Asks: 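This structure is in structure tokens; I'll ask about it shortly.
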Amino acid sequence: MAIIDAHQLQRDWADMTPARARALQRESAARVHLRTEVALPPDTVAGVDVGFENGDTARAAVVVLRYADLEPVDYALARLPVTFPYVPGLLSFRECPVILRALEQLRVAPDLLLCDGHGVAHPRRLGIAAHLGVLTGLPTVGVAKKKLCGRHGAVPEGRGEWTPLKDGDETLGAVLRTRPGVKPLFISPGHRLDLPAALELVMHCTTRYRLPETTRWADGLASNRGQRWLARLDQLR
DNA sequence: GCGACAG
DNA sequence: ATCTTGTCGC
């Protein structure tokens with residue numbers, strides 16, 4: 001998947017500051033598409049996540065699954081020194097560079113990306129999922145375990161039920177119960193998808209755990225016990 | 001000034 | 001995110 005210029009992005013963001021980052025977010029948010037522009041169902045879905053080694057090196061993992069049976073068809077890993085601190089609201093400036101390095105090594109370009117973190121459910125409507133969408137042009141969905149902003153009511157208990165996450169009159173996303181009796185997930189469109197499509201995609205990818213299979217694979221590979229997950233992907237590369 | 005605060 | 005033992009429950 002060689003459509004991305006990860007090195008160019010690294011150069012462009014080399015001297016990024018929180019103030020410049022916020023300004024860039026306001027500009028980039030105007031490029032986000034919230035209409036569904038992907039054929040459903042898709043052929044493949046990818047999960048992306050980033051882990052940290054010793055706090056100074058970021059490790060990104062991308063795993064592409066066949067949508068029909070959620071079996072892995074490709075994956076890629078990348079490592080890069082950390083160059084930006086974790087600041088709530090500016091997560092993409094810390095994780096996008098290494099994620100793009102991993103994405104460009106993919107042999108199978110996925111139809112869409114499920115990201116760890118929010119999409120437009122963000123103070124300036126550009127969470128990491130939305131930002132990755134604008135940077136790659138790929139449809140993306142934000143899948144977060146905690147709220148960043150917005151308000152919501154009680155979430156119904158049944159699997160697949162949800163309640164809107166809103167900021168005033170604006171609906172930013174949904175708080176989704178992927179499993180009964182388990183803490184809900186925060187789902188929001190990233191790019192080229194609307195909320196109903198985002199919810200359908202996430203529910204399809206979520207089988208027997210709280211998190212979608214895409215996220216579980218990426219999370220496992222990016223973590224420190226990634227070796228164990230790698231063993232199940234050996235024959236792919 | 002006081003809370004809230006993705007990963 | 002990461003560090004890190006035991007423990008409750010199916």
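Below, chain A is the first sequence line, B the second, and so on; all start at residue 1. The shown structure was predicted, so the numbers you read here are calculated from the model rather than taken from an experiment.
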Asks: Side-chain contact, heavy-atom cut-off 4.5 Å: Leu176(A) with Leu199(A)?
Replies: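 Touching, per the 4.5 Å side-chain cut-off.
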
Asks: Once you round it to whole Å, what is the distance between P of dG7(B) and CG of Leu132(A)?
Replies: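 In whole Å, dG7(B) P lies 14 Å from Leu132(A) CG.
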
Asks: Nearest of dG7(B), dC5(B), dA6(B) to any side-chain atom of His122(A)?
Replies: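 Closest nucleotide among those given: dA6(B).
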
Asks: Measure from the side chain of Leu91(A), starting at C-beta and using heavy atoms only, and say which of dT2(C), dC5(B), dA6(B) lies closest.
Replies: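 When the side chain of Leu91(A) is considered, dA6(B) is the closest of dT2(C), dC5(B), dA6(B).
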
Asks: Classify the nucleic acid contact of Asp49(A) as base, sugar-phosphate or nothing, counting any heavy atom under 4.0 Å across all strands shown.
Replies: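 The residue Asp49(A) makes sugar-phosphate contact but no base contact.
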
Asks: Between dG7(B) and Lys145(A), is there an OP1 or OP2 to side-chain N/O distance shorter than 4.0 Å?
Replies: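 Looking at the OP1 and OP2 atoms of dG7(B), one of them is under 4.0 Å from a side-chain N or O of Lys145(A).
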
Asks: Name the nucleic acid region contacted by Tyr86(A), choosing base, sugar-phosphate or nothing; use a 4.0 angstrom heavy-atom cut-off, strictly under.
Replies: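 It contacts base atoms.
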
Asks: For a quick check of understanding: with a heavy-atom distance under 4.0 Å over all strands, which category does Gly55(A) fall into, base, sugar-phosphate or nothing?
Replies: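 If one applies the 4.0 Å heavy-atom cut-off, Gly55(A) turns out to touch nothing in the nucleic acid.
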
Asks: When all nucleic acid strands are considered with a 4.0 Å heavy-atom cut-off, which category describes Leu90(A): base, sugar-phosphate, or nothing?
Replies: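 Counting heavy atoms under 4.0 Å across all strands, the contact made by Leu90(A) includes a base.
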
Asks: Any idea which of dC5(B), dG7(B), dT2(C) is nearest the Arg94(A) side chain?
Replies: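 Of all the options, the side chain of Arg94(A) is nearest to dG7(B).
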
Asks: Below the 4.0 Å mark, does dA4(B) have OP1 or OP2 next to a side-chain nitrogen or oxygen of Lys146(A)?
Replies: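 No, outside the criterion.
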
Asks: Regarding Asp15(A) and Arg20(A), does a basic nitrogen lie under 4.0 Å from an acidic carboxylate oxygen?
Replies: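 Not counted as a salt bridge, because no side-chain N and carboxylate O are separated by less than 4.0 Å.
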
Asks: Are a donor atom and an acceptor atom from the side chains of Gln8(A) and Arg11(A) found within less than 3.5 Å of each other?
Replies: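 Gln8(A) vs Arg11(A): donor-acceptor pair found between side chains.
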
Asks: Grab the NZ-C1' distance between Lys147(A) and dA4(B) for me, whole Å please.
Replies: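 From Lys147(A) NZ to dA4(B) C1': 8 Å.
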
Asks: Counting just side-chain N and O atoms, does Asn54(A) come under 4.0 Å of either OP1 or OP2 of dC3(C)?
Replies: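 No, no such contact exists.
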
Asks: Salt bridge check, Arg22(A) against Glu27(A): does any charged N sit closer than 4.0 Å to a carboxylate O?
Replies: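 So Glu27(A) does not pair with Arg22(A) through a salt bridge.
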
